[in-house]
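The structure appears right after this line, and notes come after that.
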Amino acid sequence: MSPVFALVDCNNFYVSCERLFRPELEGRPVVVLSNNDGCIIARSNEAKALGIAMGAPYFQNRALIERHGVEVFSSNYALYGDLSDRVMSILQQLEPEVEIYSIDEAFIRLPGGAAANLAGQALSLRAKIKQYVGIPVSIGIGPTKTLAKIANRIAKKSPEQGGVFDLTDRPDLDDLLAGTEVRDIWGIGRRGAAKLNRRGVFTALDLKNANDGWIRKHLTVTGLRTAMELRGIPCIPVEHEPVPRKSMVCSRSFGKPVFTLADLREAVSTYVSTAAEKLRGEGLTAANLHVFLQTNSHRLDLPQYTAGLMVGLLQPTSSTPALIGAALAGLKKIYRPGFAYRKAGVMLTGLMAAAIRQQNLFRPAPRDNGALMHALDRINDRWGRETVRYASSGLAKPWCMTREHKSPSYTTRWKELPVVKASP
DNA sequence: TCTGGGGTCCTAGGACCC
DNA sequence: TCTGGGGTCCTAGGACCC
């Protein structure tokens, strides 16, 4: 029995999350902004219809947004993360094989066979998610993940399908592929699409029928895998076990330009603290820390400087003070005065499970402050982020990002629970 | 004035080894 | 003018994803 893949994708996810608590915004144009209210990263269908592009800078669209009364939200990841968990847990309860692919997407395996009513199963799943969580989803079904992705696109573009589209056993499959541009195939990006277009390959059908050696040469093995998937040969399995991560990043743009080493030290300490907490939460340690900073590359009128440094740690660790120490030592080496810094961050690599911690042959193990870190995490979990923090993270944080339009953390903070009133 | 953040994979090239 | 061959490992950079 050939496998059947389905992609469950939340519609305009961040917008749908905001609308859940503001139902009067249904049918009205809504956008959600990136951190620092920089770019537009989610749009309702009405906002798309106004011509607001994905990823477009907010300030460039502000006039259009105000003219049409578009509702604007800063991103509220506490809310989106929590609602994502709810959608995913329903999938996990109802389906045997689920791969959480991103905050708003999951692949599932459906039982195939002649008797399987795939579209019917998907419609029922969709209705349950809408009923239990309130988030609308689209479901695409196909013999490979790549085709399920294309099916999902079709489901979204054709509301008359009821949010579900099945690409298995379709005699007109090639016609549908001919109607899909290469740019819209999962795995073919802007560069790849331009390269293909220059060589006369414009649609998913063209790519499906292209010569293997030719694809391999121009798009590497990943492109060839995509082409095989278009032919209905599954090359990308559903990963039901979470794949262990290899790196972890915490970085932010600043709310306003930063000039001094003192401010950068605060910001970097704050980011390291966040990363270290996440590291411990996942039971991991890091062997290396990469610290980096950069000026605003959009400001061509200002002097530019970008730098980063990898700092090896004496031992793999998840201890906040050990990581802060390494990061600040690295920061001191790469800092140059006289620049308007826009962003800084840290990346942790060489991750391994804390349980299989590698010892250093030439140095005794430093004092383990695992109990202290555990207490720190418990306090901050119970009383809120940064209730207890390292002094180097600062208090006023003048560099902190701006979020002018953030909605309340409706589902994750007691103080911000929505209040419902019944009218008499 | 104002342009996000967090990941993975692949390849080429250099360093190094025998 | 001519300057081995084959292998591994690491890193940086590019491309892609959401």
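Throughout, protein chains are lettered first and strands after them, A, B, ... in sequence-line order, and every chain is numbered starting at 1. Excluded from the calculations below are hydrogen atoms, water molecules and symmetry mates; all remaining heavy atoms, backbone and side chain alike, are included. For clarity, every value in this text was computed on a predicted model and none was experimentally measured.
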Between protein and nucleotides 1-10 of chain B, map the contacts as a letter string: B base, S sugar-phosphate only, - none, heavy atoms under 4.0 Å, written 5' to 3'.
SBBBSSSSSS
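- With sequence neighbours excluded, no residue forms a side-chain hydrogen bond (donor to acceptor under 3.5 Å, both in side chains) with Gln121(A).
- Pairs of residues two or more places apart, or lying in two chains, never qualify as salt bridge (charged side-chain N to carboxylate O under 4.0 Å, His left out) while including a residue from residues 55-67 of chain A.
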Counting primed atoms plus P, OP1 and OP2 as sugar-phosphate and everything else as base, spell out the protein contacts along nucleotides 11-18 of chain C at 4.0 Å heavy-atom distance: B, S or - for each nucleotide, 5' to 3'.
----SSSS
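- Base pairing in DNA chain B yields stems of at least 3 consecutive Watson-Crick or G-U pairs, both distances under 3.5 Å, namely B:5-18 with C:5-18.
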Donor-acceptor pairs are to be reported for all side-chain atoms of residues 133-148 of chain A against protein atoms at under 3.5 Å, with residues two or more places apart or in another chain.
{"from": "Ser138(A)", "atom 1": "OG", "to": "Asn11(A)", "atom 2": "OD1", "distance (Å)": "2.7"}
{"from": "Thr144(A)", "atom 1": "OG1", "to": "Leu147(A)", "atom 2": "N", "distance (Å)": "3.1"}
{"from": "Thr144(A)", "atom 1": "OG1", "to": "Glu229(A)", "atom 2": "O", "distance (Å)": "3.0"}
{"from": "Lys145(A)", "atom 1": "NZ", "to": "Glu99(A)", "atom 2": "OE1", "distance (Å)": "2.7"}
{"from": "Lys145(A)", "atom 1": "NZ", "to": "Pro237(A)", "atom 2": "O", "distance (Å)": "2.8"}
{"from": "Thr146(A)", "atom 1": "OG1", "to": "Glu229(A)", "atom 2": "OE1", "distance (Å)": "2.7"}

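- As rounded to the nearest Å, dT3(B) and dC17(C) have P atoms that lie 25 Å from one another.
- Partners of His298(A) by ring-ring contact (aromatic ring centres under 6.0 Å, His included), not counting sequence neighbours: none found.
- Note on residues 238-261 of chain A: pairs passing salt bridge (charged side-chain N to carboxylate O under 4.0 Å, His left out), not counting sequence neighbours, are Arg245(A)-Glu282(A).
- Applying the side chain to side chain donor-acceptor pair (under 3.5 Å) test to residues at least two apart or on different chains, the pairs with a partner in residues 48-60 of chain A are Asn12(A)-Lys48(A).
- Residues meeting the side-chain hydrogen bond (donor to acceptor under 3.5 Å, both in side chains) test with Ser253(A), sequence neighbours left out: none.
- Using a cut-off of 4.0 Å between Lys/Arg side-chain N and Asp/Glu carboxylate O, Lys157(A) and Asp184(A) are scored as not salt-bridged.
- With sequence neighbours left out, Tyr101(A) forms a side-chain hydrogen bond (donor to acceptor under 3.5 Å, both in side chains) with Trp186(A).
- With sequence neighbours left out, Glu181(A) forms a side-chain hydrogen bond (donor to acceptor under 3.5 Å, both in side chains) with no residue at all.
- Taking atom C1' on both nucleotides, dC16(B) is separated from dG4(C) by 16 Å, rounded to a whole Å.
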